[in-house]
Amino acid sequence: AQTVTQSQPEMSVQEAETVTLSCTYDTSENNYYLFWYKQPPSRQMILVIRQEAYKQQNATENRFSVNFQKAAKSFSLKISDSQLGDTAMYFCAFMKHEWGDDKIIFGKGTRLHILP
Amino acid sequence: DAGVTQSPTHLIKTRGQHVTLRCSPISGHKSVSWYQQVLGQGPQFIFQYYEKEERGRGNFPDRFSARQFPNYSSELNVNALLLGDSALYLCASSLFARTNTEAFFGQGTRLTVV
């Protein structure tokens, strides 16, 4: 069975600073996807960034980037130049790379506060 | 284009009652999944449906059931409600294609059982 662990329940940083959210996972699969989702108070779960396990290059999306360490089963999210709108719950998530299996396994989340 | 829509947005039920939650996927999406998110936790997978067939089921009791209709919309049913069923229920839709893995989530239905 796959598990996703987020060890930081809550974090606060000043606006414009850089913050890193940690995530570790456990799986025996070799091909899979990893995601970071953002859930603001509106409850809408929004995909922030996606990493395919077979790709060694770390994914980036504007101010968001990941540090994917496959051997260590680590998948951290770095937010640069943080903005007030980044305040939200952030979930690390895992999905097998298997056609027919859309199940996403989520961590417990990290509540991120961006302070003005 | 409309995103994933869920109804109702909120509802309150009494223990022992039955509830039906509804989800309309993004146009063209044939896969619908349901998740339960208890306060302070990450979402937990309940069901996945594709082309009206159940493709996956999480570790939930038989009180939970779902179905998908020919237009790919879906219903989640929960019987004999317990206080512990109080949660945000999220629906996600996806294209269900080998090369497209993005799931789009609705805003959820907040269920409170009293």
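To find a chain, count down the sequence lines: A is the first, B the second, and so on, and within it residues start at 1. Keep in mind it's a predicted model, so treat the numbers as computed, not measured.
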- line: Closest non-hydrogen contact found for M45(A) with P43(B) is CE-CG, 3.4 Å

field: Euclidean distance, I104(A) CD1 relative to Q44(B) CD, rounded to 0.5 Å
entry: 13.5 Å

- line: Assert top hit (heavy-atom pairs under 4.5 Å, partner chain B, pool V4(A), L47(A), I105(A), I46(A)) equals L47(A)

- request: Could you check if a side-chain atom of E102(B) sits within less than 4.5 angstrom of a side-chain atom of R50(A), using non-hydrogen atoms only?
  value: yes

Q57(A) CD: over 12 foreign heavy atoms closer than 6.0 Å: no

Flag if over 12 foreign heavy atoms under 6.0 Å of CD, Q14(A): yes

message: Tell me whether R111(A) at atom CZ has more than 12 heavy atoms from other residues, nucleotides or ligands lying less than 6.0 Å away.
response: no

task: Show your reasoning for whether ring pair (Phe, Tyr, Trp, His ring centres under 6.0 Å) applies to F105(B) and Y37(A).
output: CA-CA 10 Å; F105(B) 285 82; Y37(A) 280 90; 5.5 Å; yes

Point-to-point distance, once rounded to the nearest 0.5 Å, from CD of Q107(B) to CD of Q44(A): 4.5 Å

query: Is there a side-chain contact between Q37(B) and F91(A) (heavy atoms, below 4.5 Å)?
result: yes

- prompt: With a cut-off of 6.0 Å (strictly less than), are more than 12 heavy atoms of other residues, nucleotides or ligands near NZ of K73(A)?
  reply: yes

query: Centroid-to-centroid, F45(B) to F106(A), below 6.0 Å?
result: no

query: About how many Å separate CZ of F47(B) and NZ of K103(A), when rounded to the nearest 0.5 Å?
result: 13.0 Å

- prompt: Are Q39(A) and L88(B) side-chain neighbours, meaning at least one heavy-atom pair lies under 4.5 Å?
  reply: yes

